[in-house]
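Structure, as structure tokens:
Quick caveat: nothing in here was measured; it's all calculated off a predicted structure.
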Amino acid sequence: MSEETAIVSIKGMNADMTCRGYQFALGQTYAAEGEAKCCKNGFHACPTDLHPLTVFSFYPPAGSRFFEVGQAGSICRAESDKAASTILTVNVEIGVGDLVKRAWEWVWERAIKSDENHATGDYGAASATGYQGAASATGDYGAASATGDRGAASATGNYGAAKAANGSAAMTNGYAGRIMGETEGCPLFCVERDENYDLLSVACGVTGRDGIDVGVWYVCRDGKLVPADV
């Protein structure tokens, strides 16, 4: 199926801005002959109406670069996780940290909020704002937020994100999980898993201590918390 309406997408590339034999550059437009067909012809990218971390299925966050691109000309969206187009413009580079922020906003905007502070389905979102409140999101691509005093936010599915404030704790346990403390004194816990979801390492810390900054998304890498966009 082909359409002509231009779309905005996220494209992953190698560190040298190559992808499947093409050398790309910022600000440049590229054209392919023929009609776009997913997995067969055209330039491929993940439209922004998909979850922002969908691109990690094609290019892992470590060692890759990511760009917001425009897709035009003949466009094929026969696949659920990507689009192919005959015209592609590389507009701006975006870091992993920005992708995580977009992912949080994407989930929060679309999720059915849970009155019981617990969301079990994929793309679920849970929020706890009261004293010692607990928010849990157990499905893939989930988001959990705890902003009340001494609360807890837990995102245990793959690609989950958890953030906390006012002394609350944030924890992720799935593949490609992210955590953030929005104020000082928030305990953070994160795990690192390989592409088979096997456990590689764990890391913990407290915002405002030992180099763990407030308002920064962190991942676990080699047993340490490191900024998600590094």
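Atom CD of Glu68 is separated from atom CG of Leu99 by 10.0 Å, given to the nearest 0.5 angstrom. The distance from the SG atom of Cys190 to the CH2 atom of Trp217 is 10.5 Å, given to the nearest 0.5 Å. Rounding to the nearest 0.5 angstrom, the gap separating the CD1 atom in Ile75 from the CZ atom in Phe43 is 12.5 Å. Note: Ser57 OG to Glu195 CD = 9.5 Å, rounded to the nearest 0.5 Å. In this structure, the separation between OG on Ser9 and CG on Leu50 is 8.0 Å, given to the nearest 0.5 Å. Tyr22 OH to Asn14 CG: the interatomic distance, rounded to the nearest 0.5 Å, is 15.0 Å.
Following chains of ILVMFWY side-chain contacts shorter than 4.5 Å, one cannot reach Met17 starting from Tyr59, and the two form parts of different hydrophobic clusters. Cluster membership for Tyr197 and Leu53, using ILVMFWY side-chain heavy atoms within less than 4.5 angstrom, is shared. Taking hydrophobic clusters as Ile, Leu, Val, Met, Phe, Trp and Tyr residues chained together by side-chain heavy-atom distances below 4.5 Å, Val69 does not share a cluster with Ile87. Cluster membership check: Tyr175 shares its hydrophobic cluster with Phe58, using side-chain heavy-atom separations under 4.5 Å among Ile, Leu, Val, Met, Phe, Trp and Tyr. Follow the hydrophobic side-chain contacts under 4.5 Å out from Tyr218 and you never reach Met180; the two are in separate clusters.
Classification of Asp49 and Arg77 as a salt-bridged pair holds, one side-chain N sitting under 4.0 Å from a carboxylate O.
Taking all atoms of both residues into account, the shortest heavy-atom contact from Leu88 to Val90 is CD2-CG2, 3.8 Å. Leu188 and Ile179 get closest at one heavy-atom pair: CB-CD1, 3.4 Å. Here the closest heavy-atom approach between residue Cys76 and residue Ala36 is recorded as CB-O, 3.5 Å. Nearest heavy-atom pair across Gly167 and Cys186 is N-SG, 3.8 Å. A pairwise comparison of heavy atoms in Ala170 and Ala162 identifies CB-O, 3.8 Å as the closest pair. The shortest heavy-atom contact between Gly12 and Val55 is N-CG2, 3.6 Å.
Although no hydrogens or angles enter the test, the distance criterion places no donor-acceptor pair under 3.5 Å between the side chain of Glu192 and the main chain of Val202. The main-chain N or O of Ala31 is never found under 3.5 Å from a side-chain atom of Thr86 such that the two would form a donor-acceptor pair. For the pair Ser201 (side chain) and Gly223 (backbone), a donor-acceptor distance under 3.5 Å is present. In this structure a side-chain-to-backbone donor-acceptor pair under 3.5 Å is present from Thr48 to Val8. Formation of a donor-acceptor pair under 3.5 Å by the Thr172 side chain with backbone atoms of Gly174 is not found in this model. When atom types are taken as modelled, the side chain of Asn173 and the backbone of Phe189 share no donor-acceptor pair closer than 3.5 angstrom. Judged by distance alone, the side chain of Arg178 and the main-chain N or O of Ala176 form a donor-acceptor pair under 3.5 Å. Distance alone, capped at 3.5 Å, places no donor-acceptor pair between the Arg193 side chain and the Asp198 backbone. Checking side-chain atoms of His44 against main-chain N and O of Lys82 turns up no donor-acceptor pair under 3.5 Å. Looking only at distances, a side-chain donor or acceptor of Thr183 sits under 3.5 Å from a matching main-chain atom of Asn166.
Shown are Val206, Val214, Asp213; of these, the side chain to side chain contact (heavy atoms under 4.5 Å, CB included) with Glu184 is made only by Val214.
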Problem set entry | Test log, rule salt bridge (charged side-chain N to carboxylate O under 4.0 Å, His left out), inputs Lys11 and Glu93 | CA-CA 9 Å; Lys11 182 170 181 61; Glu93 184 168 4; over 6 Å; no
For this session: Check the pair Cys220 / Val191 against side-chain contact (heavy atoms from CB on, under 4.5 Å), numbers first and verdict last.
Result: CA-CA 6 Å; Cys220 175; Val191 305; 5.6 Å; no
For this session: Check the pair Asp16 / Thr18 against side-chain hydrogen bond (donor to acceptor under 3.5 Å, both in side chains), numbers first and verdict last.
Result: CA-CA 6 Å; Asp16 59 359; Thr18 58; 2.6 Å; yes
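Using a 4.5 Å cut-off on side-chain heavy atoms (C-beta onward), Val219 and Leu225 make no contact. Considering only heavy atoms from C-beta on, Glu182 stays 4.5 Å or farther from Thr207 through its side chain.
Taking the centre of each ring, Phe67 and Phe24 stay at or above the 6.0 Å mark.
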